[in-house]
Asker: 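First the structure, then my questions, so here it is.
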Amino acid sequence: MKTKASVEIAATMRANTASNTTSVATISPPSYGRAKVRYDKKAESEFFVDNSALAGFTGERILYMAVRELIENALDSCEIHRILPNISLSLKLFDQANDLWLISCEDNGIGIPSDKVPVAVCSFLTSAKYVEKQQRGLFGVGLKMIAAFSTKDTDHPLRTWSKSSEEGSEYYYELRTDIGTNKPIILTKKLLRGEEVHINGESGFKIEAVLRARLSPITKNKIYDYVSHTSIVNPYAFLVFQTDEGKVTFDRRTTVMPEPAKEVLPHPADMDLKTLKKAIMNFMHQKTTLHGVLCNSFQKLSGGKAKEIITKSNVALKAADKYDEHELIKVVNVCKQTRFHAPNTDHLSPIGEEILTAGMTSEYTIVTNRNETDSQLQTKLSIKVLKPTLTAYSSRTCVVNNRPTVVECGIAYGGDIGSFKLFRFANKIPLLYDEGSDVAREVVSDVEINKMGISKKEVKEQFARADNRSDRAVEFLPIHIFFHICSTKIPYKTAGKESIASEGDLKKYMKACLADLYRKVSAQIRKELRMKEAESRLRLYKHYIPLIISAISESIMVDTQKLSEAFSQLAEKHVRGEITGVAVPEKQDKITGRRIEEEADKSSLLLNGKRPQRTSKSARTQENMKVQGNRTAAKKNIKNLRGYQKKDQTTMDVFYRPDGRRKR
């Protein structure tokens, strides 16, 4: 039997375990030994802080996720009003002993109204992203996680400067998050004027926070890669990134911006009870029928189709807000069984060929340079721009889970690119983790390089490197492959938004795009393969030329240097195709048509054992007319000649016996 002490210990352990859920069940044992269950409610902020993996803020990824969320918010703020982004990001060590980092980000976007700043920054599940629209964010909690972690791990307030395009005045805030109640704590609010102003443009937003985190070399490289990849799909942005190791600048390569994404009505094939009830609530203050709600709240749903759905549902005609759940679920079930047109795609905002090509042709990469001075190893950041020889673009539009999706694919080949690399993007967000489980990796493995008209053996022979042990032939090529998926709902595999699942026909359309690009770059790759093969032959020739010259010089007196130069030039011309193994052209006789007829006639006489007699000019003319009809027969006789050797001369053919004597 269990003792009273063991019951109390078990109850305490269960209480500690249950504190990680939204509705908390706490067991408090009374004095007589029987446990009592108490249910508590957990605030949204406390739930996300305790389950930070849902937002990707785990372990060493805290700083990476902070950089990612700030850049995404800055780009969204600018693209809403088609403002060319100017973004300045800083990540510096604040307190090395306590692993504190100072991160700040400033942009020239539309800003946040002063009365919305505390809630927008600190209150979870309060965002402008909870609409049916293509957008970078998923939960709208990135900025809130930064504020909550700053409050949880440090005593430093989160500082913001906001200048809204609506107000035109700049406000300064010092904030903290009340994690237990999901409410902001306003420490300071101030209207800035004169020299206190931080934002020089018409609008903008700046945030500064102190976070506790460890920055490993792997995470540091991921941060550098994220900033670099962001500049590829956003070449219209001017981005400045500063760390303790230096400052790098990503220049704006184009002024063309994609069309902003638009909010769209849900598709009726995705209808459920919650969506239908929400649509009815939007017309609560209007006397609207269910027919009107269906037509005005869902796309691709005409008046006739809505009437047909209501008729099949067998529900009475009345005001939309008078239906109960039992009647509404009948409407939902009919919609699930009804065929609708494909959803609209004009509300999406893909990157586009012009913008993606601008990013691929000038691919910015952060490079870490290490210098050893005074027995100390110093690192310094710099920018390297990769310019490929060839770029190509392809796209497809498809429907995945009843949601319109645009698949974009790009290839950059040759030039400064030295090895294979796969770039993955979702709604213009770089994806850097979990590449092995992503659908893009499956597509690259499935699409064979025979689409380029080359074999695996040729690629591995010409592009083999000691550091590459992959079995995939495409990974031997100096090629960068870019995949971008944009949709109102990306089928992520995990809540961390790092890999995309293969759902519906998504993989099929991605493979079609990649196959198109393989065909487009095939000519250039085959040309380079021929050049590499020619270089290999030339190296082989030059290896044997000294041996040949040495053998010749032992037999005759020659100038070895001149002979070597002559052989080298000959080998180079042969490799370039200037010298080929073509036979020596035959001599061309300047014989008129009349002379040809005469020779054909003489040849026929020789075959018959007769000597040709001299004739006058008039006689020859008459004879030529007679021979005109026999020309074909004479040529056939010449071809049927057996046992004789033929020697070409200028005017006529002379035939010899096999013993060398001329036949008469």
Asker: M360 and A392: which non-hydrogen atoms are nearest, and at how many Å?
Answerer: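 So the minimum-distance heavy-atom pair works out to CE-O, 3.7 Å.
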Asker: What pair of heavy atoms forms the shortest contact from Y492 to E498, and how long is it?
Answerer: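 Closest approach of Y492 to E498, heavy atoms only: CD2-N, 4.4 Å.
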Asker: Could you tell me whether a side-chain N or O of S77 sits under 3.5 Å from a main-chain N or O of I110, the two making a donor and an acceptor?
Answerer: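 The answer is yes, because a donor-acceptor pair under 3.5 Å joins these two groups.
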Asker: Kindly give the heavy-atom pair with the smallest separation between K493 and S437, and that separation in Å.
Answerer: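 Shortest heavy-atom separation between K493 and S437 comes out as NZ-O, 2.6 Å.
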Asker: Sub-3.5 Å donor-acceptor pair from the side chain of R253 to the main-chain atoms of E363, do we have one?
Answerer: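 No, the answer is negative, given that no donor and acceptor are paired below the 3.5 Å cut-off.
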Asker: If you take the centroid of each ring, where Trp contributes its six-membered ring, are H480 and F423 closer together than 6.0 Å?
Answerer: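 Between H480 and F423, which both carry aromatic rings, the centre distance is below 6.0 Å.
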Asker: State whether the side chain of T397 and the backbone N or O of V406 hold a donor-acceptor pair below 3.5 Å, judged by distance alone.
Answerer: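 No.
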Asker: Of all heavy-atom pairs between G303 and C295, which one has the smallest distance, and what is that distance?
Answerer: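 Closest approach of G303 to C295, heavy atoms only: CA-SG, 3.6 Å.
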Asker: Minimum heavy-atom separation for R403 and S487, please, with both atom names.
Answerer: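 Heavy atoms only, the tightest pair is CB-OG, 4.1 Å.
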Asker: Distance under 6.0 Å and angle within 45° of the ring axis: does K247 meet both against F241?
Answerer: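 No cation-pi geometry.
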Asker: Give a yes or no answer on whether the side chain of K163 reaches the backbone of P113 with a donor-acceptor pair at less than 3.5 Å.
Answerer: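 Not confirmed, K163 side chain does not pair with P113 backbone.
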Asker: Are the aromatic rings of F57 and F149 close, with centres under 6.0 Å apart?
Answerer: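 Aromatic pair counts; centres sit under 6.0 Å.
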Asker: With a cut-off of 6.0 Å (strictly less than), are more than 12 heavy atoms of other residues, nucleotides or ligands near CD of E354?
Answerer: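 No, CD of E354 has 12 or fewer neighbouring heavy atoms, counting only those of other groups under 6.0 Å.
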Asker: Does S231 reach the main-chain N or O of S228 with its side chain, forming a donor-acceptor pair under 3.5 Å?
Answerer: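 The answer is yes, because a donor-acceptor pair under 3.5 Å joins these two groups.
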Asker: Below 30° counts as parallel, above 60° as perpendicular, anything between as tilted: where do the rings of F482 and F425 land?
Answerer: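 It falls in the parallel class, under 30°.
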Asker: Donor-acceptor check, side chain of N182 to backbone of E44, threshold 3.5 angstrom: yes or no?
Answerer: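 Not confirmed, N182 side chain does not pair with E44 backbone.
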Asker: Counting distance only, does the side-chain N/O of N51 pair as donor-acceptor with the main-chain N or O of L54 below 3.5 Å?
Answerer: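 The answer is no, because no donor-acceptor pair under 3.5 Å joins these two groups.
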Asker: Do R82 and E259 make a side-chain contact, defined as non-hydrogen atoms from C-beta onward lying under 4.5 Å apart?
Answerer: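 With C-beta onward as the side chain, the pair touches.
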